[in-house]
Each structure stands twice: as structure tokens, then as C-alpha cells.
Amino acid sequence: MKATVKWVDNAMFLGESGSGHSVVMDGPEDHGGRNMGVRPMEMLLLGLGGCTSFDVMSILTKQRQQVTDCHAHIEAQRADSVPSVFTDIHIHFVVTGKALKASAVERAVALSAEKYCSASIMLEQGGVNVRHSVEIIDEH
């Protein structure tokens with residue numbers, strides 16, 4: 001896996017993934033940025049959310065669950081000192097569907113957290129407290 005990050009100006013950078021996709025990262029104005037892109041630490045949370053959501057949806061699809069929507073809401077706390085690393089992360093899944101089995105949704109989230117999501121497991125092994133919760137919305 002490869003990636004390139006190129007400085008644009010001030011606190012703005014252009015990241016390009018090995019698969020050829022780009023993203024703009026920028027800092028807040030009080031740190032020399034123009035607030036025109038996502039912050040690098042926010043990118044870590046987005047990557048975590050994407051990784052675990054991919055797993056959960058893949059597992060639920062294989063279980064033939066009728067999912068119509070899935071959101072992963074992520075909240076994180078950072079250390080007060082430098083480096084300001086993540087200390088706690090809470091991922092709250094809101095899964096909507098028809099006749100969803102709660103046990104299947106909870107199991108999919110647990111499998112992602114414990115076995116499949118490289119991002120989540122890596123953060124936990126680095127000392128971050130990563131918690132998960134599930135909310136299921138039934139569409140009649």
C-alpha cells in the first residue's frame with residue numbers, strides 16, 4: 001500500500017492514495033490554514049469509520065439481512081498534552097432495515113471490532129479505548 005502527501009501551501013496538503021484517489025487536507029486559519037479541507041486527525045477517524053462500516057455491511061449482506069441504511073457516528077477524545085493522540089473513540093452504528101435481527105447486527109459489529117477492522121484493532125493495540133454501540137431502526 002502506498003500514498004503520497006504533497007504540500008500545497010501554508011497548512012494545506014494534497015493526499016493521493018496508491019489507487020489514485022485524492023483528498024485535500026488543511027488546517028484551521030489560526031494555524032496558517034484556510035480551512036479548505038479535512039484535518040489529518042479527522043482523516044484517521046474517517047478511515048476507521050470506513051473500515052468498520054465496510055466490514056459490518058459486508059457481513060450483514062452475507063447474512064442476507066435487509067439493510068437499507070447504515071451510519072457510523074464516531075466521537076473521539078484526544079490527550080491534552082503533545083502528542084495529542086486519541087485516547088477514547090466511540091463508534092455508534094445506526095443500522096436501518098427490514099426485519100433486521102438484532103443478534104446479527106450486534107455480531108457483525110463485534111466481528112469487525114475483534115477480527116476484521118485493521119484500523120480499529122491497530123488503534124486498540126496502540127492503547128486507544130475503542131468502544132462500539134448499536135442502534136437498529138426497523139422499517140415496516
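In this structure, W7 and M12 approach most closely via the heavy-atom pair CD1-O, 3.7 Å. What you find for C51 and A119 is that their closest heavy atoms are SG-N, 3.9 Å. The shortest heavy-atom contact between S22 and L14 is CB-CD1, 4.0 Å. Scanning all heavy atoms of the two residues, the minimum distance from A113 to E124 falls at O-OE1, 4.1 Å.
For the salt bridge (charged side-chain N to carboxylate O under 4.0 Å, His left out) condition, the pairs that include at least one residue of residues 19-39, sequence neighbours left out, are D9-R34. Listed by first then second residue, pairs satisfying ring pair (Phe, Tyr, Trp, His ring centres under 6.0 Å) with a partner in residues 39-77 read H71-H73, not counting sequence neighbours.
By the criterion of side-chain heavy atoms lying less than 4.5 angstrom apart, applied directly or through intervening Ile, Leu, Val, Met, Phe, Trp or Tyr residues, V5 is grouped together with V38 in one hydrophobic cluster. L123 is connected to V109 through a chain of hydrophobic side-chain contacts under 4.5 Å among Ile, Leu, Val, Met, Phe, Trp and Tyr, so both are in one cluster. Residue V134 is grouped with residue L100 when hydrophobic side chains (ILVMFWY) are merged at heavy-atom distances under 4.5 angstrom, including chains of intermediate members. Cluster membership for L48 and L44, using ILVMFWY side-chain heavy atoms within less than 4.5 angstrom, is shared. The hydrophobic clustering, which links ILVMFWY residues whose side-chain heavy atoms are closer than 4.5 Å, places V23 and F13 together.
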Practice prompt. Start with the C-alpha gap between V94 and H92, add the side-chain angles, then the distance that decides, and say whether side chain to side chain contact (heavy atoms under 4.5 Å, CB included) holds.
Written response: CA-CA 7 Å; V94 179; H92 180 70; 3.6 Å; yes
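One finds the OG atom of S120 at 15.0 Å from the NZ atom of K115 (value rounded to the nearest 0.5 Å). To the nearest 0.5 Å, atoms CD (E42) and CE (M25) are separated by 11.5 Å.
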Could you tabulate the donor-acceptor pairs under 3.5 Å formed by side-chain atoms of residues 125-132, not counting sequence neighbours?
from : atom 1 : to  : atom 2 : distance (Å)
N129 : ND2    : D88 : OD1    : 2.9

Please tabulate, for side-chain N and O atoms in residues 55-70, each donor-acceptor pair with protein atoms closer than 3.5 Å (sequence neighbours left out).
from : atom 1 : to   : atom 2 : distance (Å)
D55  : OD2    : S112 : OG     : 3.0
D55  : OD2    : C117 : N      : 3.1
T61  : OG1    : M57  : O      : 2.7
Q65  : OE1    : K101 : N      : 2.9
T68  : OG1    : T96  : O      : 3.3
T68  : OG1    : E139 : OE1    : 3.2
T68  : OG1    : E139 : OE2    : 3.3

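Considering only residues two or more places apart in sequence or on other chains, I74 meets the side chain to side chain contact (heavy atoms under 4.5 Å, CB included) condition with L45, I89, I91. Judged as a side chain to side chain contact (heavy atoms under 4.5 Å, CB included), and not counting sequence neighbours, T4 has no contacts.
Using a 4.5 Å heavy-atom cutoff, the side chains of V105 and F93 are not in contact. Side chains of M122 and S118 form no contact here, defined as non-hydrogen atoms less than 4.5 Å apart.
Remark: the backbone N or O of A79 is paired with a side-chain donor or acceptor of S84 at under 3.5 angstrom.
Crowding of E16 atom CD: a count of heavy atoms from other residues, nucleotides or ligands under 6.0 Å exceeding 12.
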